Colleague: 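Can you keep this structure in mind? I'll have questions shortly.
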Amino acid sequence: MNIYFAASIRGGRALAGRYAELVHFLSQYGHVLTRHVADDDLLSEEKSMRDEEIFSRDMAWLKTSDLVIAEVTQPSIGVGYEIGAAVDMGLPVITLYNTTSAGTVSAMVSGNPGIQLICYRDMEDLREKLIPVLEKGGANTG
Ligand code: 6IA
């Protein structure tokens with residue numbers, strides 16, 4: 001199973017540690033195409049790629065994915081775009097939101113019946129909620 005993991009990059013890297021935990025966890029269930037979103041050196045590495053190259057590569061990866069998992073606690077325009085594109089492609093989309101954060105989830109995510117939203121307190125809570133979904137390959141989302 002190809003998993004496209006989406007998480008904030010230019011939207012802010014405050015939760016980069018959580019993204020790394022998630023990539024590690026998700027790798028037990030499939031091939032994570034977007035491991036770089038958990039990379040600490042990402043913002044310096046990013047300078048070597050043109051934005052057009054980043055966009056084309058990510059959209060190509062999205063088309064080959066079986067499941068999209070997006071961490072939406074830290075708002076990010078790129079993540080929102082990827083979620084919208086994935087919904088248009090008919091892919092199952094699971095969004096993850098940490099309830100201990102000060103923010104709120106966009107209504108474009110929480111109000112969309114085609115997107116599954118998992119609210120979690122901590123990594124342990126998230127694992128418990130994600131495992132049954134991942135074992136079904138992301139089926140029956142929404
Ligand atoms: O607006 P944001 O930058 O927060 O958007 C983040 C989302 O856009 C992520 O889910 C990524 O899939 C995608 N994205 C944004 N920048 C990059 C990027 N930079 N590489 C891949 N995907 C990106 C270069 C990193 C690299 C050379 C290691």
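What you are looking at is a predicted structure, and each value in this text was computed from that prediction instead of being measured. We count ligands from 1, going down the list as the structure has it; atoms in each ligand are counted the same way. Residue numbers run from 1 in the order of the sequence given.
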Colleague: How does Tyr4 reach ligand 1, if at all, at less than 4.0 Å between non-hydrogen atoms: by side chain, backbone, both, or neither?
Modeller: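 The answer is the side chain of Tyr4.
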Colleague: Would you check the N or O atoms of Ile54, main chain and side chain alike, for any that come under 3.5 Å of an N or O of ligand 1?
Modeller: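 Between Ile54 and ligand 1, no N or O pair is found under 3.5 Å apart.
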Colleague: Between Gly78 and ligand 1, is there a nitrogen or oxygen pair with a distance under 3.5 Å?
Modeller: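 So ligand 1 has an N or O lying under 3.5 Å from an N or O of Gly78.
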Colleague: Under 4.0 Å from a heavy atom of His36: give me the atoms of ligand 1 that qualify, with their elements.
Modeller: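 With His36 as reference, the close atoms of ligand 1 come out as 20 (N), 21 (C), 22 (N), 28 (C).
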Colleague: Between Glu82, Glu71, Arg35, Glu53, which one has a non-hydrogen atom sitting closest to atom 13 (C) of ligand 1?
Modeller: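 It is Glu82 whose heavy atom sits nearest to atom 13 (C) of ligand 1.
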Colleague: Has ligand 1 got any nitrogen or oxygen that is less than 3.5 angstrom from a nitrogen or oxygen of Thr34?
Modeller: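 By distance alone, the answer is no.
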Colleague: Could you tell me whether Ser48 approaches ligand 1 through its side chain, its backbone, both or neither, with non-hydrogen atoms closer than 4.0 Å?
Modeller: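 The answer is neither; Ser48 stays 4.0 Å or more away.
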Colleague: Between Glu124 and Arg127 (salt bridge meaning N to carboxylate O under 4.0 Å), is one present in this structure?
Modeller: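 No, Glu124 and Arg127 are not salt-bridged.
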Colleague: If you count heavy atoms of other groups shown closer than 6.0 angstrom to CE of Met123, is the number above 12?
Modeller: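 Yes, because the 6.0 Å sphere around CE of Met123 holds more than 12 heavy atoms from other groups.
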Colleague: Does even one non-hydrogen atom of Arg57 get within less than 4.0 Å of ligand 1?
Modeller: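 Checking ligand 1 against Arg57, which is what was asked, there is a heavy-atom contact under 4.0 Å.
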Colleague: Judging by distance only, is a nitrogen or oxygen of Ala7 under 3.5 angstrom from one on ligand 1?
Modeller: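 Such a contact does occur with ligand 1.
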Colleague: Would you say Met49 has any N or O atom under 3.5 Å from an N or O of ligand 1, going by distance alone?
Modeller: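 No, Met49 has no N/O under 3.5 Å of an N/O on ligand 1.
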Colleague: Is it the side chain (CB and beyond), the backbone, both or neither of Asp58 that lies under 4.0 Å from ligand 1, heavy atoms counted?
Modeller: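 The answer is the side chain.
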Colleague: Select one of side chain, backbone, both or neither to describe which atoms of Arg10 lie under 4.0 Å from any atom of ligand 1, heavy atoms only.
Modeller: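 Both parts.
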